[in-house]
*Asks:* 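Attaching a single structure in structure tokens format; questions to follow.
Protein chains get the first letters and strands the later ones, always in sequence-line order, with residue 1 at the start of each.
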Amino acid sequence: MSKAITSRQQDYSQWYNDLIIKSGLADYSSVRGCMVIKPYGFALWENMQRQLDKMFKETGHQNAYFPLFVPKSLFEAEEKNAEGFAKECAIVTHYRLKNDPDNKGKLIVDPEARLEEELVIRPTSEAIIWNTYKNWIQSYRDLPILINQWANVVRWEMRTRLFLRTTEFLWQEGHTAHATQQEAIDETIQMLHVYADFAEQYMAVPVIKGVKTENERFAGAVETYCIEALMQDGKALQAGTSHFLGQNFAKAFDVKFTDKDNTLDYVWASSWGVSTRLIGGLVMAHSDDDGLVLPPKLAPIQVVIVPIYKGEEQKLKIDEKVQVLVQELKAAGISVKYDDSDNSRPGWKFAEYEMKGVPVRIAIGARDLENNVVEVARRDTKEKQSISIDGLSATIIRLLNDIQDKIYKKATAYRDEHITPANQWDEFVQLLDTKTGFIAAHWDGTGETEEKIKELTKATIRCIPLNNTMENGTCILTGKPSTQRVLFARAY
RNA sequence: CGGGAUGUAGCGUAGCCCGGUUAUCGCGCCUGGUUUGGGACCAGGAGGUCGCAAGUUCGAAUCUUGCCAUCCCGACCA
């Protein structure tokens with residue numbers, strides 16, 4: 001069929017691309033590396049946003065908005081941050097076009113409209129935000145500042161992939177300022193837990209909470225915490241990061257405050273973010289060869305109702321019944337769509353909504369009306385059963401919860417099976433090539449060894465898990481002593 | 001930015017090697033009708049800068065050169 005997608009086994013990357021395009025989440029655009037997020041994909045993002053935003057507000061944060069452009073001089077201020085992002089920055093150098101005198105109908109950059117100072121299009125907003133916080137903070141009474149912004153950022157990446165890595169992407173970035181180091185660290189950890197809770201409870205994607213090695217740390221951070229997820233092809237995906245920034249940005253932007261005891265000190269900071277990349281992770285974590293499998297808590301459409309009828313008379317009777325059902329389901333807080341379009345037949349609709357990952361499908365025909373039942377099909381297992389119309393919404397709620405639970409458990413079982421300890425180098429390499437997933441191995445703690453392992457195997461240290469058990473061992477590569485295992489994986 | 005592949009209608013394609021009327025077929029789309037419990041059928045219809053540009057030729061989707069774009073694999077990264 002024209003809508004069929006490549007199987008995972010045949011070509012995992014192609015499967016992923018097919019899925020995104022054919023399920024209507026996004027489309028390629030005419031701008032290299034940039035995609036169009038289509039209504040269905042954006043609805044999914046909005047559901048994620050809504051929940052995250054709620055969680056941010058419950059933890060005391062407020063939303064604000066800062067400019068897209070960052071004057072180059074501000075961008076440079078925090079050296080490590082600037083250096084880290086420099087090679088992926090898009091720069092605005094001019095502010096005007098004019099007609100090309102040599103080529104009618106064409107425009108050229110007006111050389112006279114050169115900016116005195118170039119503007120960097122934000123790859124992240126620490127610089128512009130800390131330059132602003134400077135004006136907001138004098139006293140400990142001004143702290144903490146707990147702000148989040150929903151924004152787009154641009155990072156000029158070499159190679160892009162739909163949702164996972166695009167030149168422009170949507171995200172949220174939290175930027176907080178605190179009077180004490182401990183408070184900033186607590187904030188950093190708190191937000192890591194918020195992300196993990198969101199991933200597990202809403203996306204149904206299990207994640208490992210950990211801390212990054214120095215090599216993988218965010219440019220400008222003292223410590224980077226992360227949540228790492230595992231995709232079905234055994235590659236890891238960094239799903240969110242929360243950074244303890246120490247006083248780095250406060251020093252770069254000279255943000256000091258007077259404490260209760262009248263001492264002057266630099267402000268402590270955190271920043272944290274998740275992006276539309278989460279959509280890519282969500283897709284890769286649960287979906288199958290028939291299309292998306294979306295967790296009910298985030299699915300734009302939770303229930304689709306498909307009528308099956310012969311003739312107008314039956315259709316009218318079904319319509320009548322469905323109107324009641326739709327009211328009932330909506331009243332129960334379920335997002336439901338009645339697809340009675342007559343330009344495609346039931347079989348086509350079944351396949352289409354499976355492609356789109358709608359968790360529950362209800363089919364209702366004349367036969368069902370007589371028996372006072374509907375056919376209910378769940379997307380995750382493809383199981384179908386006849387269910388009484390009476391008290392349907394309660395049944396559907398249970399079913400949605402069960403699907404949410406099942407796909408989380410399935411993903412967790414897969415993830416857990418793919419955390420494998422390795423003690424010998426040969427074993428380590430072989431596991432990466434054959435079993436894939438996370439490999440738990442000892443590491444001597446040096447950046448050089450990490451780099452070497454990356455060169456040899458393309459695997460990186462995804463994180464040092466929080467609450468890691470301490471055990472003595474020897475580094476998988478160098479044989480030097482180590483006190484704990486870290487998680488290696490090939491990653492997106 | 002290196003390596004590989006591919007560009008023909010909205011999508012998928014035939015034709016290209018060996019140049020020759022009006023560019024093939026399927027899906028989708030439009031109109032009318034019959035249908036509807038797993039991707040319907042009949043009849044009619046619309047839809048094309050053959051990626052772009054030069055060149056060779058009486059003649060180019062087809063040959064030559066250059067360019068562009070996209071995808072995949074790397075390096076870089078969320």
*Asks:* Taking NZ from K22(A) and P from rG12(B), how many angstroms apart are they, rounded to a whole number?
*Replies:*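 Answer to the nearest Å: 8 Å.
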*Asks:* Is the backbone N or O of V293(A) less than 3.5 Å from a side-chain atom of E354(A), with the two atoms forming a donor-acceptor pair by type?
*Replies:*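 No, because the side chain of E354(A) does not come within donor-acceptor range (under 3.5 Å) of the backbone of V293(A).
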*Asks:* When the C1' atoms of rU35(B) and rC42(B) are considered, how many whole Å apart are they?
*Replies:*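 Comparing C1' positions in rU35(B) and rC42(B) gives a spacing of 11 Å.
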*Asks:* Establish, yes or no, whether the cationic atom of K356(A) lies under 6.0 Å from the six-membered ring centre of Y40(A) and within 45° of the ring axis.
*Replies:*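 Because its charged atom sits under 6.0 Å from the ring centre and within 45° of the axis, K356(A) does stack over Y40(A).
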*Asks:* Using a cut-off of 4.0 Å on non-hydrogen atoms, how would the nucleic acid contact of Q314(A) be classed: base, sugar-phosphate, or nothing?
*Replies:*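 Touches nothing.
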*Asks:* Just do the salt bridge (charged side-chain N to carboxylate O under 4.0 Å, His left out) check on R490(A) and D433(A) with the steps written out, would you?
*Replies:* CA-CA 10 Å; R490(A) 295 196 177 124; D433(A) 282 338; 3.0 Å; yes
*Asks:* Could you check whether the side chain of R159(A) and the base of rG2(B) have a donor-acceptor pair of N or O atoms closer than 3.5 Å, going by distance alone?
*Replies:*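 Under the 3.5 Å cut-off, the side chain and the base do not form any donor-acceptor pair.
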*Asks:* Side chain of S13(A): nearest nucleotide among rC73(B), rG38(B), rA78(B)?
*Replies:*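 Minimum distance to the S13(A) side chain belongs to rC73(B).
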*Asks:* So, is the end of the R361(A) side chain (NZ or CZ) under 6.0 Å from the ring centre of F350(A) and within 45° of the ring's axis?
*Replies:*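 Cation-pi check for R361(A) and F350(A): passes.
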*Asks:* Test of understanding: with side chain to side chain donor-acceptor pair (under 3.5 Å), list the residues that count as partners of S393(A), not counting sequence neighbours.
*Replies:*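 S393(A) satisfies side chain to side chain donor-acceptor pair (under 3.5 Å) with E328(A) only.
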*Asks:* Considering every strand and a 4.0 Å limit on heavy-atom distances, what is the contact class for T166(A): base, sugar-phosphate, or nothing?
*Replies:*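 Here T166(A) touches the bases of the nucleic acid.
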*Asks:* Identify whether any heavy atom of K315(A) sits under 4.0 Å from a base atom; if not, whether one sits that close to sugar-phosphate; answer base, sugar-phosphate or nothing.
*Replies:*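 No contact.
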*Asks:* What is the distance from CG of L162(A) to P of rC71(B), rounded to the nearest Å?
*Replies:*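 The distance from CG of L162(A) to P of rC71(B) comes to 7 Å, rounded to the nearest Å.
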*Asks:* Out of rG37(B), rC71(B), rA75(B), which has the shortest distance to the side chain of Q14(A)?
*Replies:*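 Output: rC71(B).
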*Asks:* Report the C-alpha distance between E200(A) and K209(A) in whole Å, list the side-chain angles of each, state the deciding distance to 0.1 Å, and finish with yes or no for salt bridge (charged side-chain N to carboxylate O under 4.0 Å, His left out).
*Replies:* CA-CA 11 Å; E200(A) 298 188 336; K209(A) 290 180 266 200; 6.0 Å; no
*Asks:* Can you tell me how far C1' of rC72(B) sits from CH2 of W15(A), to the nearest Å?
*Replies:*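 The answer, rounded to whole Å, is 17 Å.
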*Asks:* Rounded to the nearest angstrom, tell me the gap between atom CG in D11(A) and atom C1' in rG4(B).
*Replies:*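 Distance check: D11(A) CG to rG4(B) C1' gives 14 Å.
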*Asks:* What is the per-nucleotide protein-contact pattern of nucleotides 30-35 of chain B, from the 5' end, where B denotes a base atom under 4.0 Å from a protein heavy atom, S denotes such proximity for sugar-phosphate atoms only, and - denotes neither?
*Replies:* -----B
*Asks:* In terms of the angle between their ring planes, are F428(A) and W425(A) parallel, tilted or perpendicular, with boundaries placed at 30° and 60°?
*Replies:*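 Plane angle under 30°, so parallel.
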*Asks:* Please report the distance separating the P of rU6(B) from the corresponding atom of rC17(B), rounded so that it comes out in whole Å.
*Replies:*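 One P to the other, the span is 16 Å.
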*Asks:* Start at the 5' end of RNA chain B and walk down; is the nucleotide closest to F218(A) or to M158(A) reached first?
*Replies:*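 Its nearest nucleotide lies further toward 5', so the answer is M158(A).
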*Asks:* What contact category does A366(A) fall into here, base, sugar-phosphate, or nothing, at under 4.0 angstrom with non-hydrogen atoms?
*Replies:*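 Base, at least one base atom sits under 4.0 Å.
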*Asks:* Within the structure provided, determine whether W150(A) and Q49(A) are in side-chain contact (heavy-atom separation under 4.5 Å).
*Replies:*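 A side-chain contact under 4.5 Å exists here.
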*Asks:* Roughly how many Å is it from CD in Q238(A) to C1' in rC76(B), rounded to a whole number?
*Replies:*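 Rounded to whole Å, this separation is 14 Å.
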*Asks:* I308(A) has a side chain; which of rC76(B), rC73(B), rU36(B) sits nearest to it?
*Replies:*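 Within the option list, the nearest is rU36(B).
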*Asks:* How far, in whole Å, is rA23(B) from rG66(B) if one measures between their P atoms?
*Replies:*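 The same atom, P, in both gives a distance of 30 Å.
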*Asks:* Between rU62(B) and rG47(B), how far is it from one C1' atom to the other, in whole Å?
*Replies:*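 Rounded to whole Å, the distance is 24 Å.
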*Asks:* I would like to know whether D233(A) and K235(A) meet salt bridge (charged side-chain N to carboxylate O under 4.0 Å, His left out); could you show each step before the answer?
*Replies:* CA-CA 6 Å; D233(A) 62 346; K235(A) 285 170 86 170; 5.0 Å; no
*Asks:* If you look at every strand shown and take non-hydrogen atoms under 4.0 Å, does R161(A) touch a base, only sugar-phosphate, or nothing?
*Replies:*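 Sugar-phosphate, no base atom in range.
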*Asks:* Sub-3.5 Å donor-acceptor pair from the side chain of T166(A) to the main-chain atoms of L162(A), do we have one?
*Replies:*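 Looks like no, no N/O pair under 3.5 Å.
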*Asks:* Look only at the side chain of R122(A) and the backbone of F66(A), and say whether a donor-acceptor pair between them is shorter than 3.5 Å.
*Replies:*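 Flag set: sc R122(A) to bb F66(A) pair under 3.5 Å.
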*Asks:* Between D100(A) and I108(A) (side chain of the first, backbone of the second, donor and acceptor by atom type, cut-off under 3.5 Å), is there such a pair?
*Replies:*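 Checking the backbone N and O of I108(A) against the side chain of D100(A), no donor-acceptor pair under 3.5 Å is found.
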*Asks:* Expressed in whole Å, how much space separates the C1' atoms belonging to rA43(B) and rU13(B)?
*Replies:*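 Nearest-Å result for rA43(B) against rU13(B) at atom C1': 26 Å.
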*Asks:* Rounding to an integer number of angstrom, what distance separates rU8(B) and rG48(B) when you compare their P atoms?
*Replies:*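 It comes out at 15 Å once rounded to the nearest Å.
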*Asks:* By nearest atom, which of the nucleotides rG74(B), rG38(B), rA78(B) is closest to the R361(A) side chain?
*Replies:*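 That would be rG38(B).
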*Asks:* For D368(A), what residues pass the salt bridge (Lys or Arg N to Asp or Glu O under 4.0 Å) criterion, not counting sequence neighbours?
*Replies:*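 Once residues adjacent in sequence are excluded, D368(A) has no partner under the salt bridge (Lys or Arg N to Asp or Glu O under 4.0 Å) criterion.
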*Asks:* Taking the inter-plane angle between the rings of H243(A) and F218(A) on a 0 to 90° scale, is it parallel (under 30°), tilted (30 to 60°) or perpendicular (over 60°)?
*Replies:*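 H243(A) vs F218(A) ring planes: parallel.
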*Asks:* Kindly say whether G445(A) contributes a backbone atom to a donor-acceptor pair with the side chain of T449(A) at under 3.5 angstrom?
*Replies:*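 Judged by distance alone, no pair lies under 3.5 Å.
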*Asks:* Can you tell me how far C1' in rC27(B) sits from the matching atom in rA46(B), rounded to whole Å?
*Replies:*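 Looking at atom C1' only, rC27(B) and rA46(B) are 16 Å apart.
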*Asks:* Going by the angle between their ring planes, with limits at 30° and 60°, are Y202(A) and F198(A) parallel, tilted or perpendicular?
*Replies:*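 If you compare the ring of Y202(A) with that of F198(A), the planes turn out parallel.
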*Asks:* Could you tell me how far apart I20(A) (CD1) and rC11(B) (P) are, to the nearest whole angstrom?
*Replies:*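 The distance from CD1 of I20(A) to P of rC11(B) comes to 18 Å, rounded to the nearest Å.
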*Asks:* What parts of residues 274-298 of chain A reach RNA chain B, counting only heavy atoms under 4.0 Å away?
*Replies:*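 Output list: S275(A), R277(A).
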*Asks:* When only distance counts, do a donor and an acceptor, one from the side chain of E352(A) and one from the base of rG38(B), lie under 3.5 Å apart?
*Replies:*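 Checked by distance alone, the answer is no.
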*Asks:* Is any side-chain nitrogen or oxygen of N17(A) closer than 4.0 Å to OP1 or OP2 of rC72(B)?
*Replies:*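 Answer is yes, contact under 4.0 Å.
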*Asks:* Classify the nucleic acid contact of K349(A) as base, sugar-phosphate or nothing, counting any heavy atom under 4.0 Å across all strands shown.
*Replies:*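 Nothing, no heavy atom under 4.0 Å.
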*Asks:* Is there a side-chain polar atom (N or O) of S344(A) under 4.0 Å from OP1 or OP2 of rU36(B)?
*Replies:*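 For S344(A), the contact criterion (side-chain N or O under 4.0 Å from OP1 or OP2 of rU36(B)) is not met.
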*Asks:* Quote, to the nearest angstrom, the P distance that separates rU64(B) from rA5(B).
*Replies:*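 Comparing P positions in rU64(B) and rA5(B) gives a spacing of 16 Å.
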*Asks:* NA contact type, L164(A), heavy-atom cut-off 4.0 Å: base, sugar-phosphate, or nothing?
*Replies:*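 Contact class for L164(A): base.
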*Asks:* Can you pull out the residues from residues 373-392 of chain A that lie within a 4.0 Å heavy-atom distance of RNA chain B?
*Replies:*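 The answer is E375(A), K384(A).
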*Asks:* With a 4.0 Å cut-off on heavy atoms, is E157(A) in touch with a base, just the backbone sugar-phosphate, or nothing at all?
*Replies:*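 Contact class for E157(A): base.
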*Asks:* Need to verify one output field. Residue with the more 5' nearest nucleotide on RNA chain B, K454(A) or Y28(A)?
*Replies:*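 So the residue in question is Y28(A).
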*Asks:* Rounding to a whole Å, what distance do you find between D339(A):CG and rG38(B):P?
*Replies:*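 Distance, rounded to whole Å: 16 Å.
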*Asks:* Go ahead and write out RNA chain B as dot-bracket, 5' to 3': ( ) for pairs within the strand, [ ] for ones crossing earlier pairs, | when the partner sits on another strand, dots for unpaired; Watson-Crick or G-U wobble, both distances under 3.5 Å.
*Replies:* (((((((..(((.......[....))).((((((.....)))))).....(((((..]....))))))))))))....
*Asks:* Mind calculating the distance between CH2 (W348(A)) and C1' (rC27(B)) to the nearest angstrom?
*Replies:*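 In whole Å, rC27(B) C1' lies 12 Å from W348(A) CH2.
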*Asks:* If you count heavy atoms of other groups shown closer than 6.0 angstrom to NZ of K297(A), is the number above 12?
*Replies:*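 Atom NZ in K297(A) is crowded, with more than 12 foreign heavy atoms closer than 6.0 Å.
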*Asks:* Indicate yes or no: at least one non-hydrogen side-chain atom of Q51(A) is less than 4.5 angstrom from one of M55(A).
*Replies:*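 Side-chain contact under 4.5 Å: yes.
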*Asks:* Would you indicate which nucleotide in rC73(B), rG37(B), rA78(B) comes nearest to any side-chain atom of R367(A)?
*Replies:*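 Between rC73(B), rG37(B), rA78(B), the one nearest the side chain of R367(A) would be rG37(B).
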